S.K.: 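I am attaching a structure below and will ask some questions about it afterwards.
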Amino acid sequence: MPRAATRYSFSYIILLQSFARILATALETGDGAVVLAMKSHREGLAQRLKAEGFDVDVAMRQGTYVSLDAADTLSTVSEWCA
């Protein structure tokens with residue numbers, strides 16, 4: 001694997017871990033969390049949270065964890081502003 005790809009992969013993992021930690025802290029304290037990201041990133045965050053013992057599906061049903069597609073959401077906002 002080229003060095004740039006290795007650095008990117010490592011950086012992505014660190015970023016994913018950091019965001020998952022922030023989300024976990026919010027959910028642990030009873031706060032809500034909103035994720036606005038691409039599908040692969042949202043899935044990665046959900047997997048991390050599940051690995052840490054969070055029931056992401058329950059949190060989504062309760063409305064404490066909201067996961068939105070970035071492109072869809074930005075498109076909707078753009079339509080509102082037009």
Side-chain angles (χ1 to χ4, degrees):
M1 181 180 290
R3 288 183 79 169
T6 303
R7 255 185 266 137
Y8 171 78
S9 296
F10 181 72
S11 296
Y12 174 74
I13 291 168
I14 297 298
L15 184 63
L16 194 61
Q17 288 173 339
S18 298
F19 281 135
R21 205 171 302 123
I22 291 166
L23 293 172
T25 300
L27 295 170
E28 285 173 343
T29 60
D31 290 332
V34 177
V35 174
L36 180 64
M38 295 181 341
K39 182 179 180 179
S40 61
H41 297 159
R42 290 181 292 124
E43 290 172 349
L45 286 169
Q47 287 174 352
R48 289 264 178 211
L49 289 170
K50 287 178 183 179
E52 292 189 27
F54 288 99
D55 193 330
V56 175
D57 297 323
V58 168
M60 289 177 84
R61 282 194 300 274
Q62 293 173 340
T64 57
Y65 182 78
V66 178
S67 181
L68 302 170
D69 181 75
D72 291 343
T73 303
L74 293 174
S75 175
T76 300
V77 170
S78 294
E79 291 173 13
W80 291 343
C81 295

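Since this is a predicted model, take the numbers as computed values, not measurements.
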S.K.: If a pair satisfies salt bridge (Lys or Arg N to Asp or Glu O under 4.0 Å) and one of its residues is in residues 37-54, list it, with sequence neighbours excluded.
M.R.: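 Every pair satisfying salt bridge (Lys or Arg N to Asp or Glu O under 4.0 Å) with a residue in residues 37-54: Lys39-Glu43, Arg42-Asp69.
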S.K.: Could you list the donor-acceptor pairs under 3.5 angstrom formed between side-chain atoms of residues 13-36 and any protein atom two or more places apart in sequence or on another chain?
M.R.:
{"from": "Ser18", "atom 1": "OG", "to": "Ile14", "atom 2": "O", "distance (Å)": "3.0"}
{"from": "Thr25", "atom 1": "OG1", "to": "Arg21", "atom 2": "O", "distance (Å)": "2.9"}
{"from": "Thr29", "atom 1": "OG1", "to": "Thr25", "atom 2": "O", "distance (Å)": "3.1"}
{"from": "Thr29", "atom 1": "OG1", "to": "Ala26", "atom 2": "O", "distance (Å)": "3.0"}
{"from": "Thr29", "atom 1": "OG1", "to": "Asp31", "atom 2": "OD2", "distance (Å)": "3.3"}

S.K.: Roughly how far, to the nearest 0.5 Å, is the CZ atom of Phe54 from the CG atom of Leu45?
M.R.: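 If we round to the nearest 0.5 Å, Leu45:CG and Phe54:CZ are 12.5 Å apart.
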S.K.: Tell me, which pairs form a salt bridge (Lys or Arg N to Asp or Glu O under 4.0 Å) where one or both residues lie in residues 56-65, sequence neighbours left out?
M.R.: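 Checked against salt bridge (Lys or Arg N to Asp or Glu O under 4.0 Å) - neighbours excluded - no pair reaches residues 56-65.
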S.K.: Show me the donor-acceptor pairs within less than 3.5 Å that the side chains of residues 75-82 make with the rest of the protein, sequence neighbours left out.
M.R.:
{"from": "Thr76", "atom 1": "OG1", "to": "Asp72", "atom 2": "O", "distance (Å)": "3.0"}
{"from": "Ser78", "atom 1": "OG", "to": "Leu74", "atom 2": "O", "distance (Å)": "2.9"}

